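Small disclaimer: the values here were computed from a predicted structure and weren't measured. Heavy atoms only: backbone and side chains are in, while hydrogens, waters and symmetry mates are out.
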Amino acid sequence: MLVTLGALALAGVATGGFFAVQAMNSAAPPPVVASPATTSPSVAEESAVPPADLAGTSMLDSEQSDPQKLSLSEAFPKKKVSAAGTTFTRVKAHMETTCDKAATGAFADALKEQKCSRVLRATYVDSKRRYAVTTGLAVLPDKNAAATVDQAKDLSRNVWFRPLPGASGSGGERVHIAGGYAAGLVWGRYIVFSYATYADGHTPTAKEKTLPKVSGAFRDQITLVLERRITKG
């Protein structure tokens, strides 16, 4: 199903997962994720469902069953990762324990109200510096808190996570002001997110189909972090 910008549809599933992509305008000032373009490409919507057949998935539902604190080294174990057929290098990583500082608007308020304990973000850039991607996870006390926070997002109004800009010259310095595509997934007490942009900051057009694939691939990469947590018990 195709949806146009300004009519963002989210695919809700029984597990609480979602996938959505949203075109953004690169003209918005930092530090807010850029505003919707007045004209934009249609974008595809797909469901993203955590593996229902993976034994022990319920351990992610609360901090009582999943007490180990998530660290930057666990969330982003490799400096280089492969996504959508391209190799990316991490240019910056950061853990924010005051979660609302890593988000905007009502979404930031919801993170605070639902007692988010940390937001872990990292920004990656490919070797040719075509793409810059911020990806990460937010950690909530339980699955109900994560679902409540998720309901507060509004990608068409920049109400979500803040992209994490890299240092000047890294290729990731424009990620917080560039147009791009967002992808996310709610699994247990975690919110997984990804925001893919062009490193030069230009706004995606209808002919440019790569960013949704890049954003979705990074979402899937971070989801593997949670799968490993489950399988290691």
Okay, side chain of [X], backbone of [Y]: is any donor-acceptor separation there less than 3.5 Å?
| X | Y | value |
| --- | --- | --- |
| Arg229 | Asp66 | no |
| Thr231 | Arg228 | yes |
| Lys153 | Asp150 | yes |
| Gln114 | Cys116 | no |
| Arg118 | Met95 | no |
| Gln64 | Ser62 | no |
| Ser194 | Ala183 | no |
| Arg121 | Gly136 | no |

Query - Linked hydrophobic residues, Val91 as query - side chain contacts closer than 4.5 Å - result: Val125
Query raised in the report: Got a sec, which pairs hit ring-ring contact (aromatic ring centres under 6.0 Å, His included) with one end in residues 78-104, sequence neighbours left out?
Result: Phe88-Phe218
**Report entry** Qualifying ring-ring contact (aromatic ring centres under 6.0 Å, His included) pairs, either residue in residues 126-157, two or more places apart
**Finding:** Tyr131-Tyr198
Side-chain touch [X]/[Y], heavy atoms, less than 4.5 angstrom:
| X | Y | result |
| --- | --- | --- |
| Thr57 | Ile230 | yes |
| Val214 | Val133 | yes |
| Leu164 | Val175 | no |
| Glu74 | Val225 | yes |
| Phe107 | Val149 | yes |
| Ser170 | Glu173 | yes |
| Asp61 | Tyr190 | no |
| Thr135 | Tyr195 | no |

Requested in this report: Could you tell me which residues satisfy side-chain hydrogen bond (donor to acceptor under 3.5 Å, both in side chains) with Thr123, sequence neighbours excluded, listed by chain and number?
Outcome: Thr134
Query raised in the report: Salt bridge between Arg129 and Asp126, side-chain N to carboxylate O under 4.0 Å?
Result: no
Report task. Run the numbers on His176 and Arg162 for side chain to side chain contact (heavy atoms under 4.5 Å, CB included), then give the verdict. Result -> CA-CA 7 Å; His176 61 313; Arg162 293 180 185 271; over 6 Å; no
For residues 139-146, tabulate all N or O donor-acceptor pairs below 3.5 Å that involve a side-chain atom, not counting sequence neighbours.
from	atom 1	to	atom 2	distance (Å)
Asp142	OD1	Asn144	N	3.1
Asp142	OD1	Ala145	N	2.8

Taking all non-hydrogen atoms of both residues, which atom of [X] and which atom of [Y] are closest, and how far apart?
| X | Y | answer |
| --- | --- | --- |
| Ile222 | Ala75 | CD1-O, 3.9 Å |
| Ser58 | Ser65 | O-OG, 3.8 Å |
| Leu111 | Cys99 | CD1-O, 3.9 Å |
| Ser82 | Thr87 | OG-OG1, 3.9 Å |
| Ala84 | Ala217 | N-CB, 3.7 Å |
| Ala152 | Ala106 | CB-O, 3.9 Å |

Report task. Go through the steps to decide whether Trp187 and Thr223 satisfy the test side chain to side chain contact (heavy atoms under 4.5 Å, CB included), and finish with yes or no. Result -> CA-CA 9 Å; Trp187 193 359; Thr223 302; 3.5 Å; yes
Query raised in the report: At what distance, to the nearest 0.5 angstrom, does CG of Leu70 lie from CG of Leu120?
Result: 5.0 Å
Report task. Working to the nearest 0.5 Å, report the span between CE of Met59 and CD of Gln68. Result -> 8.0 Å
Query raised in the report: Do the rings of Phe193 and Trp160 sit parallel, tilted or perpendicular, given the 30° and 60° boundaries?
Result: perpendicular
Report summary line: So salt bridge (Lys or Arg N to Asp or Glu O under 4.0 Å) across residues 75-91, not counting sequence neighbours, yields none
